[in-house]
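A quick note: this is a predicted structure, and the numbers were derived from the prediction, not measured. Computed over heavy atoms, backbone and side chain alike; hydrogens, waters and symmetry mates excluded. Order of appearance sets the numbers: ligands from 1, and atoms from 1 within every ligand.
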Amino acid sequence: MTSSARFPEGFVWGTATAAYQVEGAASAGGRGPSIWDTFSHTPGRTLNGDNGDITCAHYDHLEEDLDLVAGLGRCAYRFSVAWPRVQPDGKGPANQEGLDFYRRLVDGLRQRGVLPVATLYHWDLPQALEDVGGWTARDTAERFGEYTQAVVGALGDAVAMWVTLNEPWCVAWLGYGTGEHAPGYADVSKGLLATHHTLLAHARAAEVLRQATEAPVGIALNIAPMVPASDHELDVAAAKRADGFQNRLFLGPLFKGSYPQDMVEHYARYKPGWDAVLPGDLDQVSRPLDFLGLNYYSSNVIADTSRLDAARKAGYEVAPPVTTGANGDLGIARVGRVYAPHTGARWEVDPEGLTRLLVRVRDEYTSVPLYITENGCAENDYAGPDGAVHDPRRIWYLERHLVAARAAIEQGADLRGYFVWSLMDNFEWAHGFSMRFGLVYVDYPTAKRTPKDSYRWYRDVIAANGLP
Ligand code: IFM
């Protein structure tokens with residue numbers, strides 16, 4: 001490795017998890033039901049009917065898991081707080097038992113010399129709020145502000161960085177626009193409302209945090225490069241729509257104080273829709289942030305749905321197009337570059353996409369410090385006869401993305417940190433337990449944790465402040 005794989009002094013190295021994906025203990029400690037409890041217990045919604053009732057049993061293995069985090073060295077740990085543990089009904093007085101769990105978590109991290117990075121919302125909306133409209137209701141943003149108050153009141157002295165929401169695009173569009181995630185609607189109008197209300201919730205939370213703590217406040221977006229499948233004008237236009245839909249729809253309001261004009265026009269026919277945007281809202285949404293978190297896994301190759309035969313002939317892997325919900329409305333299809341490297345879960349590997357993404361965000365949107373708040377891959381890991389888990393493909397994936405991240409720094413991106421998704425294998429939403437992203441292997445029936453080869457590799461990366 002060359003010296004260019006070393007990172008700047010003070011670079012933050014971390015791992016990440018999310019409450020519903022790892023905690024289990026779904027009805028312990030006064031926790032109320034979330035939309036993911038309802039969704040995953042609805043037949044047909046998740047692979048094999050898998051759910052987060054138990055998952056990694058992190059709630060009951062807290063000390064062991066904190067030791068695993070600390071075993072990586074001087075690092076940060078990004079966890080999420082479950083709103084339904086803190087407010088079982090999504091409003092009203094905080095549930096002390098819920099707050100106590102997270103207090104033990106942040107204290108345990110601090111005692112071990114690990115920086116706690118808290119995400120306030122990683123998709124587990126209290127079901128009681130969904131029952132009155134969920135993210136399609138403006139009031140949910142107000143409730144989120146109150147919830148934030150309770151969390152920062154309990155943890156504010158210990159948390160080093162705050163992420164308001166994780167991937168609001170997934171919340172709004174997978175949850176309400178395509179139906180792949182909880183609560184499971186495939187309704188464009190609902191997706192639009194949820195887009196605006198998640199951004200408003202971010203603004204409310206940021207305001208509350210600013211008054212209560214000096215710790216940096218940001219948001220984590222899943223921005224992905226959209227590459228046209230050909231230079232045909234229809235594919236180029238489709239990639240632009242995909243970029244508007246997943247990227248600019250969130251970057252625009254956050255950093256320019258406006259929704260992108262092409263998306264404003266595209267969605268104008270949906271009611272209710274943009275009328276949810278009230279005077280003054282975007283001024284609040286675009287208040288300066290201290291950092292931007294980017295979750296990067298892959299880039300997307302996009303074709304216009306009228307050109308799928310051409311894409312097939314050009315050698316792309318083409319799945320039947322989705323004609324319903326938000327994807328159908330946009331007339332876009334994601335096609336696969338057959339000969340590109342893929343992860344075990346068939347996600348295309350495109351590290352250079354990460355370099356382009358970081359540079360683009362810096363050039364077009366913001367000069368605030370950037371963090372890669374998630375990056376990782378799902379592989380078909382298993383424990384061998386000796387009990388060890390060898391995952392060379394993950395090491396290869398992570399190494400290539402670190403080289404790409406370093407290249408972005410050389411091109412002027414102010415990248416300050418990198419978090420591997422994930423500390424341990426966990427519940428991968430609609431894919432259930434079929435995808436293993438962890439540096440630590442989890443045997444779900446016994447909850448036994450086994451650090452994979454990549455765990456030791458990452459420990460060495462952290463010690464060397466770059467590729468060893
Ligand atoms: O597991 C998810 C995480 O919850 C959000 N970002 C993407 C990860 C992998 O799909």
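- Taking the six-membered ring for Trp, W421 and Y297 have ring centres at least 6.0 Å apart.
- Note: F419 and W13 fail the aromatic proximity criterion, with ring centroids not under 6.0 Å apart.
- Checked for salt-bridge contact, R393 and D391 miss the test: no charged N lies under 4.0 Å from a carboxylate O.
- Cation-pi check for R337 over Y316 is not met; the charged atom does not lie both under 6.0 angstrom from the ring centroid and within 45 degrees of its normal.
- With a 6.0 Å radius and a threshold of 12 heavy atoms from other residues, nucleotides or ligands, R74 has its CZ atom at or below the threshold.
- Taking the ring axis of Y441 as reference, the NZ or CZ atom of K452 does not stay both within 45° of it and closer than 6.0 Å to the ring centre.
- Near ligand 1, heavy-atom contacts under 4.0 Å come from Q21, H122, W123, N166, E167, Y297, W347, E374, W421, E428, W429, F437.
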